[in-house]
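Data first, discussion second: the structure below is written as structure tokens.
These figures come from a predicted structure and were not determined experimentally. Here, residue 1 is the first one in the sequence, and each next residue gets the next number.
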Amino acid sequence: MQRVKALIKARHSFQTLRFLSHQRCFSAQPNYAAYNDFQDQVLVEGRAKSRAAILNRPFALNSLTTSMASRLKKLYESWEENPDIGFVIMKGNGRAFCSGVDAVALYHLLNEGKVEDCKRFFETLYKFVYLQGTYLKPHVAILDGITMGCGGGISLPGMFHLVTDKTVFAHPESQLGFHPDSGASFYLSRLPGYLGECLALTGEKLNGVEMIACGLATHYCLNARLSWVEECLGNMMNDDPTVIESSLAQYGDLVYPDRSSILHRIETIDKCFCHDTIEEIIDSLENGAAGAYDDWCRTVLRKMKEASPLSLKVTLRSIREGRFQSLDQCLAREYRMSLAAISKQVSNDFSEGVRARLVDKDFAPKWDPPRVEEVSKDMVEYYFTPLGELEPELLLPTALREPYI
């Protein structure tokens, strides 16, 4: 514990100087292959009154890289300034909208000692999320297929979110030794009751109908009708949000969650996840599983016990703080948390979680600490401590772009 306290204190006083080595290309010719690959990861479709950004890494379920986040930010900034463009669309190529960050790429960067490259990724991503959340033009995100992790962050802060019968939404970060980020602590904390805590701590999935019902999505249509929706949007000459909303609604369906939906367990969720500590939440789930022979409680309990104990405690505090913060405040805090996770000063859980679930796939992570009871307050506090003078905080243009409250 003394080591953790010393680390927190050190953030305010000094940091170890790092001498970074960068690989250089001494060729006199520009690397066009790398540039083309960078361009191909996010494609652009020009429409009469709009532009569409298409995430194009289908082989990796459109997981996000630094170059993709950077390109999205530049495109959106230029489109916002272009008076000929009335609104913007985002969608994914293949069976996923966006499966989250490319965690495996970050894992390899950390193993190679390229921590600064990881920091740059989070900084670029969070700045784009803030741009998305304060965008001045109507935005339509088509969440057809897998939408996980930061896939929510790059889409849900916008104006319209269209989901389909193929949509699968989840935040499995705690199972990877990380935390729901990219603004997740902002929008998950605003879900009904304690549903946000449940989704963040367990990685439970929502389908498109459930996203509509709990307010995460604005419109629903069948995947079979999606081509009609896109054709309609592509032909639109009006950028009035009410007209866009009506156009999306005309292809919609009146849908309700089925009997097995997690939303029908909202009373149980509120009863179990309203507590102040992870220990109390686990006790409540154990009592529910034992008393009512509830299979759902047992399943959720198993998922929580498979997650990183440190991540569970960090995530719970993040959601609770996010409930009273604006989008920019949530992103600034999540940036500190992400830097703490990749620093490995308190724990190596992020790298270990990615190794176990995505690299070696032995599904047997060795969490540190291994039990919830062994996670101290000082360990958790380290993730929320303001960064030191030599480690800049996340700077967002709040003076120019007013954040949501």
Heavy atoms of other groups near E231 CD, more than 12 under 6.0 Å: no
Nearest heavy atoms of C150 and C98, plus distance in Å: SG-SG, 4.4 Å
Side-chain heavy-atom pair M379, K313 within 4.5 angstrom cut-off: no
N238 backbone acceptor or donor facing K49 side chain under 3.5 Å: no
Sequence-distant partners of D144, side chain to side chain donor-acceptor pair (under 3.5 Å), two or more places apart: T164, N223
P257 to L263 - nearest heavy-atom pair and separation: CG-CD1, 4.1 Å
Short N-O contact, R317 and E381, less than 4.0 angstrom: yes
Where at least one partner belongs to residues 189-243, residue pairs that pass ring-ring contact (aromatic ring centres under 6.0 Å, His included), sequence neighbours excluded: F160-H219
Any donor-acceptor pair under 3.5 Å from D349 side chain to D368 backbone: yes
Point-to-point distance, once rounded to the nearest 0.5 Å, from CD of Q345 to CG of L339: 11.0 Å
Pairwise distance CD1(I281) to SG(C274) - rounded to 0.5 angstrom: 8.0 Å
E116 vs K119, salt bridge (Lys or Arg N to Asp or Glu O under 4.0 Å): CA-CA, chis, key distance, verdict: CA-CA 5 Å; E116 294 302 317; K119 291 180 183 178; 3.3 Å; yes
ring-ring contact (aromatic ring centres under 6.0 Å, His included): pairs with one or both residues in residues 78-98, sequence neighbours excluded: Y76-W79
Summary of ring-ring contact (aromatic ring centres under 6.0 Å, His included) pairs that have at least one residue in residues 319-357, sequence neighbours excluded: F178-F350
Whether F169 and H171 hold their rings parallel, tilted or perpendicular, with breakpoints at 30° and 60°: perpendicular
Note, L176 side chain near L358 side chain (heavy atom, < 4.5 Å): yes
Side chain to side chain donor-acceptor pair (under 3.5 Å) partners for S155, two or more places apart: none
Pairs flagged by salt bridge (Lys or Arg N to Asp or Glu O under 4.0 Å) wherever residues 192-205 is involved - sequence neighbours left out: E197-R320, E197-R323, E204-K303
Partners passing side chain to side chain donor-acceptor pair (under 3.5 Å) against N93 (at least two apart in sequence or in another chain): N56
For the student: nearest non-hydrogen atoms of L195 and I266, plus distance: CB-CD1, 4.2 Å
For A307 against L312, the heavy-atom pair lying closest together: CB-CD2, 3.9 Å
Sequence neighbours excluded - side-chain hydrogen bond (donor to acceptor under 3.5 Å, both in side chains) pairs with any residue from residues 351-366: E352-R355, R355-D360, R355-D362
Within-4.5 Å side-chain heavy-atom neighbours: D102 and R57: yes
Over all atoms of both residues, closest heavy-atom pair of Y383 and M337: O-CG, 3.3 Å
Working for side-chain contact (heavy atoms from CB on, under 4.5 Å), residues L226 and C221: CA-CA 7 Å; L226 206 51; C221 85; 3.9 Å; yes
Pairs touching residues 160-180 that satisfy salt bridge (Lys or Arg N to Asp or Glu O under 4.0 Å), sequence neighbours left out: none
Trace of the side-chain contact (heavy atoms from CB on, under 4.5 Å) decision for V168 with N207: CA-CA 5 Å; V168 179; N207 59 34; over 6 Å; no
Residue list, salt bridge (charged side-chain N to carboxylate O under 4.0 Å, His left out) with E210, at least two apart or on another chain: none
Any side-chain heavy-atom pair of E286 and L301 under 4.5 Å: yes
Gap between atom NZ of K305 and atom CG of L285 - 0.5 Å precision: 9.5 Å
Side-chain ion pair, K271 and E267, N-O less than 4.0 Å: no
Step-by-step side-chain contact (heavy atoms from CB on, under 4.5 Å) determination, D253 to R225: CA-CA 11 Å; D253 295 276; R225 298 178 185 170; 2.9 Å; yes
Separation between OG1 of T315 and CG of L188, rounded to the nearest 0.5 Å: 10.0 Å
Distance-minimising heavy-atom pair for E77 and L131: CG-CD2, 3.8 Å
H179: which of S308, S338, S311, S174 passes side chain to side chain donor-acceptor pair (under 3.5 Å): S338
Audit row: T202, F273, side-chain contact (heavy atoms from CB on, under 4.5 Å) steps and yes/no: CA-CA 11 Å; T202 67; F273 288 87; 3.9 Å; yes
Flag side-chain contact, heavy atom, 4.5 Å: L106 against I342: no
N/O donor-acceptor pair under 3.5 Å between S50 side chain and R47 backbone: no
Modelled atom types, side-chain donor and acceptor of S376 and D378, under 3.5 Å: no
Salt bridge (Lys or Arg N to Asp or Glu O under 4.0 Å) between R336 and E391, intermediate numbers included: CA-CA 10 Å; R336 296 181 198 127; E391 184 70 80; over 6 Å; no
Exam field: side chain Y107 to backbone G353, donor-acceptor pair closer than 3.5 Å: no
Spacing of Y256 atom OH and S261 atom OG [to the nearest 0.5 Å]: 14.0 Å
Residue list, salt bridge (charged side-chain N to carboxylate O under 4.0 Å, His left out) with R51, at least two apart or on another chain: none
Heavy-atom side-chain contact between V380 and K377 under 4.5 Å: no
Salt bridge present between E306 and R302 (N-O < 4.0 angstrom): yes
E230 side chain reached by I142 side chain, heavy atoms, under 4.5 Å: yes
Pairing residues for S318 by the side chain to side chain donor-acceptor pair (under 3.5 Å) criterion, not counting sequence neighbours: R333
Heavy-atom check, side chain of D117 versus side chain of E112, under 4.5 Å: no
Point-to-point distance, once rounded to the nearest 0.5 Å, from NZ of K91 to CG of L143: 13.0 Å
